[in-house]
There are 2 protein chains.
Amino acid sequence: MDHGNDLRFDRGEQMPERFRRQTSRLLGMTAAQASRVAQSAFASVGAHRWHYGVLAALDESGPGSQSQIADRTGIYRSDLVATLNELVEGGHIERSPDPSDKRRNIITMTETGRARLAELDRVTAGINEHILAPLDEAERERLFALLRRLNDHLSA
Amino acid sequence: MDHGNDLRFDRGEQMPERFRRQTSRLLGMTAAQASRVAQSAFASVGAHRWHYGVLAALDESGPGSQSQIADRTGIYRSDLVATLNELVEGGHIERSPDPSDKRRNIITMTETGRARLAELDRVTAGINEHILAPLDEAERERLFALLRRLNDHLSA
DNA sequence: ATACATCGTTAGTGTCACTAACGCAAATGG
DNA sequence: CCATTTGCGTTAGTGACACTAACGATGTAT
């Protein structure tokens, strides 16, 4: 029965109080856990986190070049390439050259992609529900607002 | 003026709303930013995030074996080795074999280590202040409590 | 005595954030 | 109009963090 050290879990125990008080640590740990939840949920339907971002961006802002997608999603151009390849392979998007600017590809969502997005919408709803389960609606809003403020501040 | 894509920053812009609503994403992004702040602050005094955890653990719970330190800090045994090497090299801790169990090393903090911890206490105070700057005391507490609840729930 | 668990250690995996540099195409400026 | 610069997609690589696997040496249990 090897349960020497399994996953990161901060069950009070005897962690140094100072350490626990480190916001960046608590934030990082919670993010890691949330990330694991999200990742495995996406993986269970053969998708990746980023697929959702790309499809949602295409749905909400329409077709665009790869760097536009990168800007909209916050995914790096370099990381986007593989993601788009996967989405093309799955028939969820199409990558066609822009006739008016030969450097560009235009990314468009297919019908299959639209269905996939609907599926991933459900998956993410499940993820959010799972992660935020212990909080009621008001608390979720509060958490969101607080994180947003930190985020905005740190981005400045 | 290349500001094509610099650091991850979520300045409203035209990110898909659904994407922005993803808690795991907001959490992850904020954590990444906080992590960057923490990392560079530690680096500016030649330290690593984990050094602080180890020294704080030793201070608060006294000397211990490497796996005890691992348990107390949440650092993996495997990652701990290099961290302890660095701390030994800096004269902040001592690694001596446990006479009563030859598999174990006993880790003790030195006087130098105690001074280092005081220094890193100041560094982390600065980090926390920087990260949490936009929030008042009550809001910080609220954020902390919310994150803790998520954390506890996800660890279950 | 044999089996099994634990300790420190080394090595390696996978993800995410991020940088560097490439060849090509397009916009810009003298 | 030609040269430089900027933007595009792409490949490769870095570094931190979380995490797994397996090792030899040493303890513990049956």
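Every chain is numbered from 1, with letters handed out A, B, ... down the list of sequences.
Taking B/D79 as the reference, nothing meets the side-chain hydrogen bond (donor to acceptor under 3.5 Å, both in side chains) condition, with sequence neighbours excluded. The side-chain hydrogen bond (donor to acceptor under 3.5 Å, both in side chains) test applied to B/H92 returns no partner, not counting sequence neighbours. Not counting sequence neighbours, A/E89 has no partner by the side-chain hydrogen bond (donor to acceptor under 3.5 Å, both in side chains) test.
Across all strands shown, A/S65 has heavy atoms under 4.0 Å from sugar-phosphate atoms exclusively, and none from any base.
What separates CZ of B/R49 from C1' of D/dG15 is a distance of 13 Å, to the nearest Å. Atom CD1 of A/I69 and atom P of D/dT10 are 12 Å apart (whole Å). A/Q66 has its CD atom 13 Å from the C1' atom of D/dT11, to the nearest Å. In this structure, CD1 of A/I75 is placed 18 Å from C1' of C/dT19, rounded to the nearest angstrom. Separating the CG atom of B/N105 from the P atom of C/dG8 is a distance of 6 Å, rounded to the nearest angstrom. Remark: P of C/dA17 and CG of A/L27 are 13 Å apart, rounded to the nearest angstrom. Nucleotide D/dA18 holds its P atom 13 Å from the CG atom of B/L80, rounded to whole Å. Atom CG in B/D71 sits roughly 14 Å away from atom C1' in C/dG8 (whole-Å rounding).
Open room surrounds CD on B/E94; 12 or fewer heavy atoms of other groups in view lie less than 6.0 Å from it.
Ranked by how close their nearest DNA chain D nucleotide is to the 5' end, A/V81 and A/A32 are led by A/V81. Comparing B/R104 and A/H48 against DNA chain C, the residue whose closest nucleotide sits nearer the 5' end is B/R104.
Listed by residue number, the members of residues 85-99 of chain B with any heavy atom below 4.0 angstrom from DNA chain D form an empty set.
Counting only heavy atoms from C-beta on, A/D101 has its side chain closest to C/dA25 among C/dA25, C/dG8, C/dA17. Checking C/dT9, D/dT20, C/dA20 against the side-chain heavy atoms of A/S78 singles out C/dA20 as nearest. Minimum atom distance to the side chain of A/R77 is reached by D/dT10, of the listed C/dA25, D/dT10, C/dC7. Considering only the side chain of A/R103, D/dC8 comes nearest among D/dG27, D/dT10, D/dC8. The side chain of A/D79 lies closest to C/dA17, out of C/dG8, D/dA21, C/dA17. Proximity note for B/Y76 (side chain, C-beta onward) versus D/dA18, C/dT19, D/dT26: the nearest is D/dA18.
Looking at every heavy atom in both residues, A/L117 comes nearest to A/A56 through CD1-N, 3.9 Å.
Judged by distance alone, with hydrogens and angles left aside, A/S35 brings no side-chain donor or acceptor close enough to the base of C/dT15 to form a pair under 3.5 Å.
Within the structure, the salt bridge (charged side-chain N to carboxylate O under 4.0 Å, His left out) test picks out the following pairs touching residues 54-67 of chain B (sequence neighbours left out): A/R18-B/D59, A/R18-B/E60, B/D59-B/R114.
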Can you list, pair by pair, the side-chain donor-acceptor contacts under 3.5 Å of residues 42-50 of chain B, counting residues two or more places apart and other chains?
{"unit_1": "B/S44", "atom_1": "OG", "unit_2": "B/A41", "atom_2": "O", "d": "2.6"}
{"unit_1": "B/H48", "atom_1": "ND1", "unit_2": "B/W50", "atom_2": "N", "d": "3.0"}
{"unit_1": "B/R49", "atom_1": "NH2", "unit_2": "B/S35", "atom_2": "OG", "d": "3.2"}

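Between A/I93 and the options A/L84, A/T110, A/N85, a side-chain contact (heavy atoms from CB on, under 4.5 Å) holds for only A/L84.
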